[in-house]
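A short write-up of the structure that comes next.
Here is how names work: the chains are called A, B, and so on, in the same order as the sequence lines, proteins then strands, and each is numbered from 1.
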There are 2 protein chains.
Amino acid sequence: MPAVDEHRARTIPEAAVARLAVYLRVLSSMAEQGAGTVSSEELSTAAGVNSAKLRKDLSYIGSYGTRGVGYEVDVLVGQIERILGLTRKHSVAVVGIGNLGHALANYGGFPGRGFPVAALFDVDEDLMGVPVGGIPVSHIDEIPLVCAERGVSIGVIATPPAAAQAVCDRLVSGGVECILNFAPVVLQAPDHVEVRKVDLAVELQILSFQLARRVDDADGAEPTGNGEVEGVDQVVIGR
Amino acid sequence: MPAVDEHRARTIPEAAVARLAVYLRVLSSMAEQGAGTVSSEELSTAAGVNSAKLRKDLSYIGSYGTRGVGYEVDVLVGQIERILGLTRKHSVAVVGIGNLGHALANYGGFPGRGFPVAALFDVDEDLMGVPVGGIPVSHIDEIPLVCAERGVSIGVIATPPAAAQAVCDRLVSGGVECILNFAPVVLQAPDHVEVRKVDLAVELQILSFQLARRVDDADGAEPTGNGEVEGVDQVVIGR
DNA sequence: CCGTGTGAAGTGGTTCACAGCA
DNA sequence: TGCTGTGAACCACTTCACACGG
């Protein structure tokens with residue numbers, strides 16, 4: 001009955017997936033500048049991690065490097081895109097066309113290719129039918145219908161907090177499988193729907209905590225600050 | 001990092017800090033609705049975590065509960081605010097007044113109190129002096145001067161990627177200690193400066209990965225025809 | 001009794017260090 | 001020789017389970 005384990009190796013740590021996305025961006029810009037190969041050292045520096053971690057991350061997706069040499073840039077790009085599922089297109093719906101919604105809807109047609117914006121929603125009657133970034137805004141009551149029709153798989157919530165749960169429910173009933181939530185509330189969703197959140201207040205409060213910690217550390221010891229070496233540890237949001 | 005134990009107990013796991021911020025928000029809204037006490041069970045459900053984790057998280061900041069009863073809401077609010085350093089105000093500067101910058105500058109005077117927006121910057125000459133959310137926009141060349149003058153401790157970067165590193169450098173030379181980066185680039189900063197990033201493309205790509213994984217999991221097992229039915233038992237990744 | 005608080009066990013992710021191959 | 005790929009040690013966070021106190 002162990003069974004839980006299912007058919008093994010398809011397990012890439014969540015944290016590694018986030019970093020693969022970063023590597024991909026760095027690699028793409030290297031490719032644009034005509035780089036043919038990179039070593040783990042170069043790539044890891046550009047991505048802000050150490051080289052051991054980078055190699056471990058890449059090992060999760062296979063062995064595409066050449067010992068003594070490095071990695072071929074475009075091979076890696078292709079493999080990472082494959083693993084991240086970027087060879088399929090995932091239609092996105094943005095709900096809540098305020099400043100943030102505008103920013104999202106115009107975000108260069110959304111990061112690279114692969115995430116076409118297929119629908120926009122708001123409650124404001126004055127916005128109905130108005131095109132934003134080329135897509136006309138629909139009413140949030142239409143969410144289930146329109147999302148189902150246009151095969152939206154990712155919903156982005158950029159509404160005020162009070163509206164977020166209702167929007168979430170409608171996205172779910174429209175068959176949306178993943179939700180990216182910018183509203184500062186904890187969403188309740190069935191567990192076959194993946195929810196990620198981006199929470200500005202939380203980010204600021206974490207920074208505030210760091211500042212506070214610095215202050216009490218300072219009086220505890222070490223007058224001559226100037227911390228430890230290395231380690232720029234950029235934290236991707238995670239959860 | 002040598003991580004010389006320092007002077008003991010001041011170690012709250014980073015992940016726990018992020019959740020404390022969430023608990024704080026939930027507790028605040030409970031307080032508004034006049035709740036006097038909560039149990040770990042109630043609070044954890046509202047925050048989307050399990051109760052063991054919640055109690056462990058709270059134990060990092062002290063023992064403020066009553067056995068057999070629960071926690072007093074306003075005591076917890078006060079203690080979490082203290083730990084997160086929210087009793088001090090941290091001035092914020094927003095750089096890049098596009099759609100996203102607007103959204104940030106208007107974000108209710110920024111999450112709760114505690115994070116007053118003290119300065120706005122952009123390159124666009126047409127924006128100079130124009131007030132956004134009550135604060136006039138200055139030129140990015142002024143960053144070091146203005147930030148130092150106004151005691152900005154948190155810088156928020158909402159510029160196009162190409163400008164981000166230069167902005168980061170100026171913020172650092174203006175004495176900013178923490179940076180929240182919305183631009184899709186890996187910033188290089190001295191290690192006494194805390195950098196966090198919020199990366200939309202990465203978030204979407206993680207969701208894309210989940211979608212892709214679902215597809216191959218589906219063919220790996222599940223012999224019985226089609227039928228959408230519910231999810232194969234989800235591994236439930238976070239929360 | 002009931003819920004908090006917490007050592008101890010478990011899990012997942014990171015770092016180390018070196019074997020293996022171009 | 002140099003750099004990749006990876007088992008194994010290590011560390012951080014989570015979950016368990018139960019003692020403790022109102």
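- Remark: P of D:dA12 and NZ of B:Lys53 are 17 Å apart, rounded to the nearest angstrom.
- Formation of a donor-acceptor pair under 3.5 Å by the A:Ser208 side chain with backbone atoms of A:Leu204 is not found in this model.
- Checked by atom type and distance alone, the side chain of B:Glu42 pairs as donor or acceptor with a backbone atom of B:Ser39 at under 3.5 Å.
- Rounding to the nearest 0.5 angstrom, the gap separating the CD1 atom in A:Ile80 from the CD atom in B:Gln205 is 9.5 Å.
- Taking CZ of B:Phe115 as the reference point, atom CG of B:Leu86 lies at 5.5 Å (rounded to 0.5 Å).
- Atom CE of residue B:Met30 and atom OG1 of residue B:Thr37 lie 10.0 Å apart, to the nearest 0.5 angstrom.
- What separates OH of A:Tyr60 from P of D:dT6 is a distance of 11 Å, to the nearest Å.
- Checked by atom type and distance alone, the side chain of B:Asn181 pairs as donor or acceptor with a backbone atom of B:Val185 at under 3.5 Å.
- Side chain of B:Gln165 to main chain of B:Gln188: a donor-acceptor pair is present (N/O by atom type, distance under 3.5 Å, no hydrogens or angles).
- The CD1 atom of B:Ile179 lies 5.0 Å from the CD1 atom of B:Ile157; values are rounded to the nearest 0.5 Å.
- Atom OG of B:Ser29 sits about 10.0 Å away from atom CG of B:Leu24, to the nearest 0.5 Å.
- Whole-Å rounding puts the A:Glu72 CD to D:dT4 C1' distance at 15 Å.
- When rounded to the nearest whole Å, the span between CG of A:Leu76 and C1' of D:dT4 equals 12 Å.
- A side-chain donor-acceptor contact under 3.5 Å links B:Arg214 to the backbone of A:His192.
- If you walk DNA chain C from 5' to 3' and mark each nucleotide with an atom closer than 4.0 Å to a heavy atom of chain B, the marks span C:dC2 to C:dA8.
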Are any protein N/O atoms closer than 3.5 Å to N/O atoms in nucleotides 17-22 of chain D? If there are, list each pair with its distance.
unit_1: D:dC20; atom_1: O2; unit_2: B:Arg67; atom_2: NH1; d: 2.6

Atom pairs, N/O to N/O, protein against nucleotides 7-11 of chain D, distance under 3.5 Å?
none

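- The separation between A:Leu58 atom CG and D:dG5 atom P is 7 Å, rounded to whole Å.
- OP1 or OP2 of D:dT14 has not a single side-chain nitrogen or oxygen of B:Asn50 nearer than 4.0 Å.
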Pair A:Glu14-A:Arg196, salt bridge (charged side-chain N to carboxylate O under 4.0 Å, His left out): steps then yes or no | CA-CA 12 Å; A:Glu14 160 96 8; A:Arg196 290 187 66 85; 2.8 Å; yes

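- The side chain of A:Ser39 contributes no N or O atom lying less than 4.0 Å from OP1 or OP2 of D:dC3.
- One atom, CG of B:Asp57, and another, C1' of D:dC16, lie 15 Å apart when rounded to the nearest Å.
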